[in-house]
Amino acid sequence: MTWQNYLKDWQEADLSDDWKAELKQVETEQERFDGYLTFGTGGMRGKMGIGSKRMNIFTIRRVARALGEYVVANGGAESGVAIAYDSRNNSSLFARETAKVLSALSVRVYLSDAIRPTPALSFCVREKAAFAGVVITASHNPSIYNGFKVYDKNGCQITLGAAEEISTYLERITNIFTIPIRELPNLLVTSLGKEMDDAYLKALQKVVFRRDLLADYGSELTICYTPLHGAGKELVMRGLTENGFSNVAIVPEQSEPDGNFSTVVSPNPEEANSFELAKKQAKNIHADIILATDPDADRLGVAVLTKNGEYQILTGNQLGALLLDYILAAKVNLTSEDTMINTIVTGDLGGKIATEYGINHIQTLTGFKFIGEKIAEMEQGQDRFVFGYEESYGYLIAPFVRDKDAVQAALLVSEMALYYKKEGTTLLQKLTRLYEKYGYHEELLHTITLESANGKEKMTQVMEMLRKQPMFIPEISRVEDFEASERVNLTNGKVSPINLPKENVLKFYLKNNSWFAIRPSGTEPKCKIYFQSTGETKEIAEKTMNDLKKDVLTLWD
């Protein structure tokens with residue numbers, strides 16, 4: 001179908017007067033009607049508005065119908081689907097539309113009665129023994145976006161196989177304006193309320209390693225928290241205060257839900273500007289740490305008070321390494337069956353810490369769904385999950401949730417900060433000790449956007465060139481090609497297999513133990529490049545990073 005065909009469907013649909021008026025204003029915008037949004041293992045995400053390639057009630061009904069048919073075909077109608085949503089504009093509306101479509105297919109639905117974090121949805125799926133789950137969120141994207149994220153019965157993001165099967169049902173839907181719905185309330189839809197929060201918070205107690213410390217000294221750690229207008233407020237605040245942290249101040253300007261995220265440029269704790277208001281309040285109360293969660297509260301950012309009274313934001317790699325070391329130091333009787341999981345683009349410091357403690361270390365492709373899959377596999381064997389993290393501010397401590405969980409991370413980070421404070425040190429000082437022991441690590445993520453008409457073609461050409469001529473930097477000693485599933489040692493020509501799903505990613509290792517990985521987007525003319533350098537001192541690591549970045553980015557000139 002051409003974009004004009006999709007537009008014609010909208011023009012002929014039985015729309016409200018308001019929708020018809022808005023359609024008139026945008027019907028010359030080809031991009032809005034150029035097919036449908038892509039559906040994959042992350043579900044579906046896009047800008048909101050009128051059009052087949054936008055998030056609106058009709059495109060939501062389309063994906064909900066396909067999910068419902070998948071659930072019915074696989075015998076999951078009685079077990080049902082749990083649905084949650086975050087604070088974004090239209091999230092509640094899209095969640096209710098999803099429930100209407102699923103119940104019209106006689107699928108049982110557990111529908112959240114208020115905004116809830118993504119990890120709470122993962123927990124609900126497992127708690128209710130549901131067949132699948134949906135959370136309406138676009139994570140940390142700008143306010144014009146929303147999304148439809150699908151989970152399996154383990155509370156983990158769906159696999160590629162499940163996504164492909166759902167996609168076959170999507171392709172069969174020829175008219176998004178005639179999809180049957182069953183109005184709410186109806187007998188197939190059960191409300192998920194405070195009882196689920198209470199159950200989650202009971203499970204959250206598994207994250208506490210030193211309960212006596214929290215009970216006796218929890219009030220001595222001053223915490224400043226911002227939910228960035230998102231869904232984290234209730235569970236993060238209760239998780240902290242109910243486990244002994246009584247000295248917690250929330251940033252008032254960002255404490256309430258706001259789908260426009262009006263006080264930040266981007267509601268993303270990976271970006272320094274999201275901490276601006278929190279830093280002002282933290283200075284007033286002399287907070288030890290700042291905690292920031294993204295809109296669906298699966299990512300956590302942390303800033304630490306420095307000696308000069310400012311706040312330094314920890315990277316995802318730094319916080320992950322600190323948490324891992326703290327967990328392993330607190331545990332007894334560790335064995336090689338205890339396992340830490342991170343991703344192929346996560347920094348190496350965590351792996352070195354795992355090796356020092358004698359535990360197992362597994363790496364997955366980028367995305368927490370792969371970590372969740374590994375946890376499920378481990379349950380069938382002898383390995384025990386200890387900790388999972390990725391560089392993009394995602395952490396999981398206790399696997400009663402199968403996705404990254406900022407609520408868990410906020411509680412354990414606070415415990416860790418309190419523990420080190422009682423020892424007379426800070427998280428930054430502890431990080432320096434780790435660097436002194438394992439080497440200084442610098443990490444960097446650089447995103448390249450090729451806006452020109454041939455942007456994707458240029459990106460493909462670069463990847464092809466790198467596969468044919470991997471030693472464009474003479475110091476490169478090893479290449480990992482995750483699409484070819486092979487690891488090549490360039491010094492001796494030895495080739496070994498990579499036992500991971502195929503993905504268009506190349507990772508290059510240099511003789512000085514630095515590396516970089518190139519990961520193109522499958523849908524946009526964008527490319528992420530992950531860098532890591534190491535050195536005996538911070539200055540050496542920084543210089544190595546600058547040189548490496550300069551060499552690699554010449555590829556895109």
Side-chain angles (χ1 to χ4, degrees), residues 41-45 67 71 76 79-87 91 95 98 109-140 147-159 162-163 190 192-193 195-207 230-232 234-236 238-239 293-300 341 364 367-379 385 387-390 392-412:
T41 55
M44 184 177 79
R45 182 182 298 178
L67 172 63
V71 170
S79 297
V81 177
I83 303 173
Y85 56 93
D86 69 5
S87 61
S91 283
T98 302
V109 174
Y110 301 98
L111 178 61
S112 183
D113 68 353
I115 61 171
R116 283 191 168 81
T118 288
L121 181 277
S122 175
F123 174 79
C124 287
V125 170
R126 296 174 61 79
E127 186 77 0
K128 292 295 185 181
F131 183 82
V134 171
V135 61
I136 306 297
T137 180
S139 188
H140 54 284
F148 185 100
K149 203 171 183 180
V150 185
Y151 287 74
D152 65 18
K153 63 183 179 181
N154 294 313
C156 181
Q157 294 178 48
I158 55 172
T159 62
T190 303
L192 292 174
E195 75 286 350
M196 292 308 301
D197 296 338
D198 293 341
Y200 174 93
L201 289 164
K202 182 177 180 180
L204 187 65
Q205 295 175 12
K206 299 173 185 176
V207 173
E234 177 74 12
L235 288 183
V236 171
R238 286 188 62 188
T293 53
D294 68 343
D296 65 324
D298 61 351
R299 298 171 192 257
L300 177 74
I341 311 173
T364 71
F368 226 90
K369 57 181 172 288
F370 296 112
I371 294 177
E373 286 177 21
K374 283 296 180 184
I375 295 172
E377 290 176 15
M378 287 163 56
E379 289 181 336
F385 174 77
F387 181 57
Y389 76 105
E390 58 185 2
S392 56
Y393 286 46
Y395 319 95
L396 181 65
I397 298 100
F400 61 85
V401 167
R402 293 300 167 83
D403 204 348
K404 49 188 175 287
D405 188 343
V407 184
Q408 287 191 29
L411 178 56
L412 188 60

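Numbering of residues begins at 1 and proceeds along the displayed sequence.
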_I'd like to know whether Tyr151 forms a side chain to side chain contact (heavy atoms under 4.5 Å, CB included) with Asp403, so could you lay out the CA-CA distance, the side-chain angles of the two residues, the decisive distance to 0.1 Å, and finally the verdict._
CA-CA 10 Å; Tyr151 287 74; Asp403 204 348; 2.5 Å; yes

*Starting from the C-alpha separation in whole Å, work towards a yes-or-no answer on side chain to side chain contact (heavy atoms under 4.5 Å, CB included) for Val81 and Tyr110.*
CA-CA 6 Å; Val81 177; Tyr110 301 98; over 6 Å; no

*Which is it for Asp298 and Phe368 under the side chain to side chain contact (heavy atoms under 4.5 Å, CB included) test, yes or no, and what are the steps along the way?*
CA-CA 11 Å; Asp298 61 351; Phe368 226 90; over 6 Å; no

_Assess the residue pair Glu379 and Arg402 against the criterion (salt bridge (charged side-chain N to carboxylate O under 4.0 Å, His left out)); give the C-alpha distance rounded to whole Å, side-chain angles, the decisive distance to 0.1 Å, and a yes or no._
CA-CA 12 Å; Glu379 289 181 336; Arg402 293 300 167 83; 2.4 Å; yes

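Salt-bridge annotation for Lys404 and Asp296: absent, with no side-chain N of the basic residue lying under 4.0 Å from a carboxylate O of the acidic one.
Listed for the Arg116 side chain is a donor-acceptor partner under 3.5 Å among the backbone atoms of Gly193. Asp294 contributes a side-chain N or O that, together with a main-chain N or O of Arg299, makes up a donor-acceptor pair within less than 3.5 Å.
We find the CG-OG1 distance between Asp152 and Thr41 to be 11.5 Å, quoted to the nearest 0.5 Å. Here the NZ-CZ distance, from Lys202 to Phe400, works out to 12.5 Å after rounding to the nearest 0.5 Å. Between atom OG1 of residue Thr137 and atom CD1 of residue Ile115 there is a gap of 10.5 Å, rounded to the nearest 0.5 Å. Taken to the nearest 0.5 Å, the CD1 atom of Ile341 stands 12.0 Å off from the OH atom of Tyr389. Interatomic distance, Gln408 CD to Phe123 CZ, rounded to the nearest 0.5 Å: 10.5 Å. Here the CG-CG distance, from Leu411 to Leu204, works out to 5.0 Å after rounding to the nearest 0.5 Å.
Taking 4.5 Å as the limit, every side-chain heavy atom of Thr118 sits out of range of all side-chain heavy atoms of Asp86. Counting only heavy atoms from C-beta outward, the side chains of Val407 and Arg238 never approach each other to under 4.5 Å. Residues Leu396 and Ile371 have side chains not in contact (no heavy-atom distance under 4.5 Å, counting atoms from C-beta outward). At least one side-chain heavy atom of Ile136 sits under 4.5 Å from a side-chain heavy atom of Phe148. With a 4.5 Å cut-off on side-chain heavy atoms, Pro399 and Met378 do not count as touching.
Nearest heavy atom pair, residue Ala231 against residue Ala297, reads C-CB, 4.5 Å.
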